[in-house]
S.K.: 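Dropping a structure here in C-alpha cells format, bear with me for questions.
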Amino acid sequence: MLPNQLKELASRLSQAWVCAQEIEPLTKEFPDLTIDDAYQTQELLVQLRCERGDKRVGYKMGLTSKAKMEQMNLNSPIYGILMKNTQVACEERFSLKGTIHPKIEPELAFRISKDVRGVLSMEEARQVCSGVCAALEVVDSRYKGFKYFSLPDVIADNCSASHFILSEQWVSPKQIDLSGLLLSMKVNGKVAHEASSSAVLGNPLNSVIELSRLLVAHGKYLPEGSIVLAGAATQAVALEKSMVVELVVPDLKEVKVFVE
Ligand code: OOG
Ligand code: MG
C-alpha cells in the first residue's frame with residue numbers, strides 16, 4: 001500500500017485509542033494489507049504517540065504460547081512497541097476509563113543490557129537479558145468486539161497493547177530456571193489461570209530470540225535498556241471494575257494491580 005494510505009490507517013487507530021472507540025478491522029476495507037504494511041502502520045502509530053509526548057521503552061511479544069494462539073485464533077509470534085505512558089506502577093490503581101474491552105494476562109519481562117542488532121543465539125540471549133521480573137499486561141484491541149480477521153490487523157494495532165505493570169524487583173536470570181517457573185494469575189485471591197513459563201516458546205528467552213529475528217526482518221534493533229514482554233503464558237481474562245489481579249511466580253517478586 002502507499003505511504004499515505006498507511007498514514008491514514010495509523011491515524012484511524014490513533015483516534016480509536018484516544019477516543020476509546022472501536023473501529024472495523026482494517027482488512028475489511030483493505031484485504032491486501034500485508035504484514036509488512038502492518039508493521040509500517042504500527043511504526044507510524046507509535047510516531048503519532050511520540051508527537052503527543054510519549055516515549056518508546058521496549059517491545060512486547062505476542063502470540064508466543066499455544067494458549068494465546070488458540071484464544072486469538074492466530075498462529076504466529078508478533079511484536080508491538082511498549083510506551084512509557086502506558087506503564088502502571090505495581091500495586092497502584094488502574095482505571096478502566098479510556099479502555100474499550102480490556103483483558104489482562106500473565107507475562108515475564110526482561111531488561112536488555114546492550115544494543116542487539118542481529119539475531120541472538122540462546123547463549124547471547126542469556127547474556128543480554130540482565131534482569132527478569134513478573135509482569136501483567138493489559139491488552140485492548142481497537143477493533144469491534146476484540147476480533148480481527150488477520151495478523152496484519154492486530155500488528156497494525158500495536159498488537160493490542162494497552163498498559164503493563166512490572167513487579168518492583170528485577171532478578172538476574174542466571175539465578176533461576178527460566179523454563180520451569182510456575183506463573184499463577186490470581187483474580188480476587190483465586191487462581192484464574194496458571195501455566196509453566198515453558199508455555200512461552202519452550203523458554204521465554206526464545207521469545208527474546210524471536211523478537212531479535214523479527215526486528216532484523218523489519219529493519220529495527222533492540223536498544224540497550226529496553227523492556228521486553230515475552231508474551232502471555234495463558235489465556236487473558238476480561239477486566240472488570242474492582243478486580244484485584246496478581247501474578248505470583250516463585251523466585252520472583254509478585255506484581256499486583258487494583259482495577260477501578
Ligand atoms: C494480541 C496480543 C497478544 C500476547 O501476550 O500473546 C499478546 C491480543 O491478544 O490481542 O499480547
Ligand atoms: Mg501480551
Side-chain angles (χ1 to χ4, degrees), residues 13 16-17 20 22-27 33 35 38-39 41-42 45-46 57-83 86-88 94 99-110 132-167 181 183 185 192-211 214 226-239 245 247 249 255 257:
L13 286 162
W17 159 270
E22 50 186 19
I23 57 172
E24 291 291 346
L26 306 178
T27 54
L33 191 76
I35 290 201
Y39 276 117
T41 307
Q42 181 192 97
L45 173 65
V46 165
V57 287
Y59 287 93
K60 59 164 282 182
M61 285 297 283
L63 310 176
T64 52
S65 67
K66 210 163 155 249
K68 277 296 293 193
M69 289 189 196
E70 283 174 5
Q71 184 176 31
M72 306 321 294
N73 202 17
L74 293 170
N75 62 2
S76 168
I78 51 180
Y79 72 81
I81 298 171
L82 292 179
M83 306 303 292
T86 66
Q87 182 167 4
V88 177
F94 172 67
T99 60
I100 304 171
H101 29 212
K103 300 182 198 170
I104 195 158
E105 52 191 29
E107 307 222 4
L108 291 175
F110 291 103
V132 59
C133 75
L136 287 166
E137 190 193 16
V138 177
V139 283
D140 188 17
S141 172
R142 265 54 67 176
Y143 300 122
K144 284 202 169 143
F146 212 133
K147 284 207 178 86
Y148 6 84
F149 299 127
S150 65
L151 280 173
D153 284 312
V154 62
I155 291 167
D157 186 27
N158 201 18
C159 297
S160 310
S162 176
H163 290 79
F164 66 100
I165 308 124
L166 303 181
S167 87
L181 297 172
L183 278 68
M185 183 166 70
H193 285 303
E194 202 165 60
S196 161
S197 54
S198 63
V200 178
L201 298 176
N203 178 334
L205 280 177
N206 281 325
S207 186
V208 180
I209 293 173
E210 186 58 32
L211 173 64
L214 286 169
S226 293
I227 297 162
V228 174
L229 289 182
T234 75
Q235 294 203 343
V237 167
L239 269 186
V245 186
L247 173 60
V249 186
V255 53
V257 69

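Heavy atoms only: backbone and side chains are in, while hydrogens, waters and symmetry mates are out. Quantities reported herein were computed from a predicted structural model and do not represent experimental measurements. Counting starts at 1 for both ligands and their atoms, in listed order.
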S.K.: Hey, which protein N/O/S atoms does the Mg ion (ligand 2) have under 2.8 Å?
M.R.: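 Only Glu105 OE2, Glu107 OE2, Glu137 OE1 fall inside 2.8 Å of the Mg ion (ligand 2).
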
S.K.: Tell me if a side-chain donor or acceptor on Glu107 pairs with a main-chain N or O of Leu136 at a distance below 3.5 Å.
M.R.: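 Flag not set: sc Glu107 to bb Leu136 has no pair under 3.5 Å.
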
S.K.: Under 3.5 Å, is there a donor-acceptor pair between the side chain of Tyr143 and the main chain of Asp153?
M.R.: yes

S.K.: Which distance, rounded to the nearest 0.5 Å, do you find between the CD1 of Ile78 and the CG of Leu214?
M.R.: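 These two atoms lie 9.5 Å from each other.
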
S.K.: Pairs of donor and acceptor atoms involving the side chains of residues 201-211, under 3.5 Å and at least two apart or interchain, shall be tabulated with distances.
M.R.:
from   : atom 1 : to     : atom 2 : distance (Å)
Asn203 : OD1    : Leu205 : N      : 2.9
Asn206 : ND2    : Leu201 : O      : 2.8
Ser207 : OG     : Ala230 : O      : 2.7
Glu210 : OE1    : Arg213 : NH1    : 2.7

S.K.: Among all residues two or more places apart in sequence or in another chain, which pass the side-chain hydrogen bond (donor to acceptor under 3.5 Å, both in side chains) test with Asn158?
M.R.: none

S.K.: Does Glu137 reach the main-chain N or O of Ala161 with its side chain, forming a donor-acceptor pair under 3.5 Å?
M.R.: no

S.K.: Could you tell me whether a side-chain N or O of Asp157 sits under 3.5 Å from a main-chain N or O of Ser141, the two making a donor and an acceptor?
M.R.: no

S.K.: Phe146 ring centre to Lys103 NZ or CZ under 6.0 Å, with the angle to the axis within 45°?
M.R.: yes

S.K.: Would you call Glu105 and Lys68 a salt bridge, using N to O less than 4.0 angstrom?
M.R.: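 Yes, charged N to carboxylate O under 4.0 Å.
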
S.K.: When you check ligand 1 against the protein, what N or O pairs turn up below 3.5 Å? List the atom names and distances, or just say none.
M.R.:
from     : atom 1 : to     : atom 2 : distance (Å)
ligand 1 : 5 (O)  : Glu105 : OE2    : 2.8
ligand 1 : 5 (O)  : Glu107 : OE2    : 3.0
ligand 1 : 5 (O)  : Ala232 : N      : 2.8
ligand 1 : 6 (O)  : Leu63  : N      : 2.8
ligand 1 : 9 (O)  : Lys68  : NZ     : 2.7
ligand 1 : 10 (O) : Tyr148 : OH     : 2.5
ligand 1 : 10 (O) : Ser160 : OG     : 2.6
ligand 1 : 11 (O) : Lys60  : NZ     : 2.9
ligand 1 : 11 (O) : Glu105 : OE2    : 3.0
ligand 1 : 11 (O) : Glu137 : OE1    : 3.0

